[in-house]
Amino acid sequence: MNDGIGDLTAQAPRTLGKALLYGRRALALRCPTCGITPLFSSWKKVGSLSDWFSPSDGCPSCGYAFEREPGYFLLAIWGVNYGVVALGGMVLYFALRQWTEWSPRLIFCLTVLPSPLLSILLARHAKSFFLAMDHFCDPHVRHKKRRENIE
Ligand SMILES: [Zn+2]
């Protein structure tokens, strides 16, 4: 039942256009709901590497909470970040083995050694895409209390 209160765009049906919109916002590291607020602080404002990897608490423009619960972004790191880097490295390794005459040692060095650095570089985008996917598949909508319940 829709009580007429809340984020109506999040309740609208899932469409390809909405998925692409959320994907563009995730690529730009922006709030998936409004696309205005950056998810992460800039280099100049962070005090440590940990702060650089940590998203803000929420969006001051639309009120969307980025971290729903403690450990929320754990799946983003293990599923999205590690999955993309490991699967991409494996696919590239076997593709180079199949289509080049390079030595397996050289191919291994080219595909596996950059993985830790790639994983660090993609960590913020993994969290951003995970947040966008989660908002697309399971949007959390803030409902205000009904007036009759308050009185
Ligand atoms: Zn927002």
Side-chain angles (χ1 to χ4, degrees), residues 1-96 108-151:
M1 182 178 112
N2 184 2
D3 59 3
I5 301 170
D7 183 5
L8 294 178
T9 58
Q11 294 173 343
R14 292 179 207 123
T15 61
L16 179 61
K18 186 186 277 187
L20 293 174
L21 176 68
Y22 290 172
R24 278 196 314 270
R25 289 174 178 170
L27 198 60
L29 300 175
R30 299 274 174 180
C31 171
T33 305
C34 67
I36 297 171
T37 306
L39 290 175
F40 299 92
S41 300
S42 68
W43 271 110
K44 298 173 186 172
K45 295 181 180 176
V46 296
S48 67
L49 190 62
S50 176
D51 291 343
W52 188 72
F53 285 118
S54 301
S56 307
D57 291 335
C59 178
S61 298
C62 66
Y64 186 81
F66 295 147
E67 189 166 0
R68 292 187 187 187
E69 57 195 10
Y72 177 70
F73 288 109
L74 198 59
L75 186 60
I77 293 301
W78 283 106
V80 179
N81 190 1
Y82 181 74
V84 166
V85 170
L87 192 65
M90 282 177 30
V91 167
L92 186 61
Y93 176 84
F94 288 114
L96 291 174
F108 179 82
C109 290
L110 288 174
T111 57
V112 174
L113 293 182
S115 294
L117 180 63
L118 278 176
S119 189
I120 290 171
L121 293 175
L122 292 176
R124 290 168 37 133
H125 280 89
K127 290 179 179 180
S128 181
F129 274 101
F130 178 76
L131 188 64
M133 285 189 297
D134 193 31
H135 183 58
F136 180 75
C137 296
D138 182 26
H140 62 125
V141 179
R142 292 177 303 136
H143 291 283
K144 296 176 183 173
K145 291 182 180 178
R146 295 182 136 193
R147 187 163 194 86
E148 59 266 16
N149 292 341
I150 296 170
E151 294 174 349

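Start at 1 and go down the list; that is how both ligands and their atoms are numbered.
Listed by first and then second residue, the salt bridge (charged side-chain N to carboxylate O under 4.0 Å, His left out) pairs that reach into residues 119-140 are Arg68-Asp134, Arg68-Asp138, sequence neighbours excluded.
Taking distances strictly below 2.8 Å, the protein N/O/S atoms close to the Zn ion (ligand 1) are Cys31 SG, Cys34 SG, Cys59 SG, Cys62 SG.
Nearest heavy atom pair, residue Tyr64 against residue Pro32, reads CE2-CG, 3.9 Å.
Tyr82 is linked by a side chain to side chain donor-acceptor pair (under 3.5 Å) to nothing, counting only residues two or more places apart in sequence or in another chain.
When the shell of 6.0 Å around CZ of Phe108 is examined, it contains 12 or fewer heavy atoms from other residues, nucleotides or ligands.
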Mind listing the side-chain donor-acceptor pairs of residues 36-46 below 3.5 Å, one per line with the distance, residues two or more places apart or on another chain?
| residue | atom | partner | partner atom | Å |
| --- | --- | --- | --- | --- |
| Thr37 | OG1 | Ser61 | OG | 3.2 |

### Worked verdict on Phe130 versus Tyr72 for side-chain contact (heavy atoms from CB on, under 4.5 Å)
CA-CA 10 Å; Phe130 178 76; Tyr72 177 70; 3.8 Å; yes

